[in-house]
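A short write-up of the structure that comes next.
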Amino acid sequence: MIRHQHDPVRCILPPDILQRIAQHGDEEQRRRALHTLSRDNTLRAFRAQNSILRAAGPKEIGTEEAGAGGAPQRTIYDCATSEDLASAAVARGEGDGPTGEVTVDEAYDGLGATYKLLWDAYQRDSIDDEGLQLKGYIHYGDAYDNAFWDGQEMVFGDGDGKLFNRFTIAVDIMGHELAHGVTEDEAQLVYFRQAGALNEHFSDVIGSLVKQYQLNQRAEEADWLIGAGLIAGAPDQALRSMKAPGTAYDHPLLGRDRQPAHMDDYVQTMEDNGGVHINSGIPNHAFYLAATIIGGYAWEVAGRIWYETQRDPRLKPTCQFRTYARITLGAATRLGYGSSSDEYKAVKEAWHGVGIDV
């Protein structure tokens, strides 16, 4: 069960991007960036301190049984530029038809696409596997450039249309943020350094798979971008690239993508909780390599291996990259892909490709 007490936000936009805007943007851009940073920073600190406290006790592999499940329960609320979620009005409920308001309908459809991937591919009934209602809050704040999962619901800022478009524009953003809830429920990875990068990594995996599943794309057909379309005026740029970390964006104000693709380029920093949004590029690229070496639909084999890894009781809150890699091989074996199988070899080769030998 997800524990909501003291759950901090998980934001799609990394703090280093907001800091650059605060330093180099025009007056209005600086105001928005500083407001967003002030909204996020305190709760980010809570994340690093308290994520380990959400451990739900020992787990057993493969003992859960799917309940009735199979249908999401979604409600979209309109904050109307307020930051008080309690005052938001219902804009669309489960089963209601499209409203014609693009933000409402994108949020509704994105939450549904995430539920569908988790249920269809992994028989998981919502974020907590117990049918948790999916709540989305749109038009949050009048100077908030971000989207986040706070342990209970998804919240979306509108962007300013100059630097960022609306934060409902990319379905993988919703998949990414909701996957933080899956990690809270299953793994409780501490949001710091390598464990925190793995937390971000799994969210990128699920975000990308949600988009691929929605588009019915095979691994080799996908763009492997997270947040494509979010950066205004730059449709070919995104927040991250799993295929080519370090190439997602190159922007005169936002700077350049800092993600490494290999352990040789691992970034030692105390920024961003030890570089959780930066060094996640390394396991991200390993997943991309595994999925494309295996071929076919990435959610079927590679995604299943990573999902079972996230549920493995040996995945401790302070897990490091090498241990995580070993657990993926153990998950492959449990799923029937023994050490002589092409799938097992693909996963091992993928980790080797990013400088992690197991």
Side-chain angles (χ1 to χ4, degrees), residues 8-48 79 81-83 103 106 137-150 154-170 172-174 176-177 180 191 196-197 200 203-204 207 225-241 244-260 267 269-281 284:
V9 297
R10 280 113 170 101
C11 300
I12 190 66
L13 206 62
D16 63 318
I17 288 181
L18 291 168
Q19 288 161 0
R20 282 191 58 89
I21 298 169
Q23 292 167 0
H24 304 293
D26 62 29
E27 183 177 351
E28 176 63 14
Q29 290 166 343
R30 290 197 299 269
R31 182 186 73 84
R32 295 175 70 93
L34 288 170
H35 177 84
T36 301
L37 282 167
S38 69
R39 175 67 180 82
D40 299 347
N41 280 345
T42 300
L43 294 175
R44 286 182 187 277
F46 278 126
R47 178 191 315 175
C79 295
T81 74
S82 170
E83 294 187 6
T103 309
E106 284 177 343
Y137 289 77
I138 61 168
H139 303 313
Y140 175 81
D142 66 352
Y144 187 75
D145 279 331
N146 226 328
F148 63 83
W149 160 262
D150 70 356
M154 274 294 309
V155 181
F156 304 95
D158 283 329
D160 61 0
K162 297 178 180 178
L163 279 179
F164 300 107
N165 293 313
R166 61 190 182 277
F167 280 79
T168 56
I169 199 168
D172 45 32
I173 289 178
M174 284 171 265
H176 171 104
E177 292 300 326
H180 280 303
Y191 204 71
E200 282 296 321
S203 280
D204 277 351
L225 296 173
I226 302 297
L230 181 62
I231 300 174
D236 58 336
Q237 298 190 35
L239 297 180
R240 290 180 288 282
S241 171
T247 68
Y249 64 90
D250 186 354
H251 190 277
L253 181 55
L254 306 182
R256 297 185 64 179
D257 181 4
R258 297 171 61 194
Q259 280 204 320
V267 177
T269 180
M270 290 303 294
E271 297 176 4
D272 186 28
N273 292 100
V276 298
H277 289 94
I278 299 170
N279 291 313
S280 57
N284 274 4

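- Few gaps surround CZ on Arg31; more than 12 heavy atoms of other groups in view lie less than 6.0 Å from it.
- Atoms CG and CD1, from Asp158 and Ile169 in turn, are 11.5 Å apart once rounded to the nearest 0.5 Å.
- A pairwise comparison of heavy atoms in Ala22 and Ala33 identifies N-CB, 3.8 Å as the closest pair.
- With hydrogens and angles disregarded, a donor-acceptor distance shorter than 3.5 Å links the side chain of Gln237 to the backbone of Asp250.
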Could you please spell out the steps behind the side-chain contact (heavy atoms from CB on, under 4.5 Å) verdict for Arg256 and His251?
CA-CA 6 Å; Arg256 297 185 64 179; His251 190 277; over 6 Å; no

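- By the 6.0 Å contact criterion, CD on Glu27 is open, its count of non-hydrogen atoms from other residues, nucleotides or ligands being 12 or less.
- When every heavy atom of Ser280 is checked against every heavy atom of Gln259, the shortest pair comes out as OG-NE2, 2.9 Å.
- Side-chain contact between Ile12 and His176 is present, with heavy atoms from C-beta onward closer than 4.5 Å.
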Verdict with supporting geometry, Gln19 and Leu37, side-chain contact (heavy atoms from CB on, under 4.5 Å)
CA-CA 8 Å; Gln19 288 161 0; Leu37 282 167; 4.0 Å; yes

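- Taking each heavy atom of Ala248 and Ser241 in turn, the nearest pair found is CB-N, 3.6 Å.
- Contact record, Gly281 with Pro245: O-CG, 3.5 Å, taken as the closest heavy-atom pair.
- Although no hydrogens or angles enter the test, the distance criterion places a donor-acceptor pair under 3.5 Å between the side chain of Asp272 and the main chain of His277.
- Side-chain contact check for Thr81 and His139: no donor-acceptor pair (N or O, by modelled atom type) lies under 3.5 Å.
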May I have the step-by-step check of side-chain contact (heavy atoms from CB on, under 4.5 Å) for Arg240 and Leu225, ending in yes or no?
CA-CA 6 Å; Arg240 290 180 288 282; Leu225 296 173; over 6 Å; no

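- Counting heavy atoms from C-beta on, the side chains of Tyr249 and Ile17 come closer than 4.5 Å.
- Here Glu106 pairs with Arg166 in a salt bridge; the nearest charged N to carboxylate O distance falls below 4.0 Å.
- When side chains are defined from C-beta on, Tyr144 does not count as touching Arg32, because their heavy atoms never get closer than 4.5 Å.
- In this structure the side chain of Leu163 reaches within 4.5 angstrom of the side chain of Ile21, judged on heavy atoms.
- Inter-residue side-chain proximity for Pro260 and Ile278 is flagged as met; some heavy-atom pair is nearer than 4.5 Å.
- Atoms CD1 and CG, from Ile226 and Asp172 in turn, are 4.5 Å apart once rounded to the nearest 0.5 Å.
- At least one donor-acceptor pair under 3.5 Å links the side chain of Asp160 to the backbone N or O of Phe164.
- The main-chain N or O of Leu13 is found under 3.5 Å from a side-chain atom of Asn146 such that the two form a donor-acceptor pair.
- Note on Arg258 versus Glu271: salt bridge recorded, some NZ/NE/NH1/NH2 to OD/OE distance being below 4.0 Å.
- In the model, Ser203 has no side-chain atom that pairs as donor or acceptor with a side-chain atom of Glu177 under 3.5 Å.
- Within the model, atoms CD1 of Ile173 and CG of Leu239 stand 6.0 Å from one another, a figure rounded to the nearest 0.5 Å.
- A side-chain donor-acceptor contact under 3.5 Å links Asp257 to the backbone of Gly246.
- Close placement of the Tyr140 and Phe148 rings is indicated, their centers lying within 6.0 Å of each other.
- Under a 3.5 Å cut-off, the side chain of Thr36 and the backbone N or O of Asp145 do form a donor-acceptor pair.
- Distance check, rounded to the nearest 0.5 Å: CG of Asp150 to SG of Cys11 gives 10.0 Å.
- The closest donor-acceptor contact from the side chain of Thr247 to the backbone of Ala244 lies under 3.5 Å.
- Residues Ala170 and Gly227 share a closest heavy-atom pair of CB-CA, 4.1 Å.
- Donor-acceptor pairing under 3.5 Å is lacking for the side chains of Gln29 and His24.
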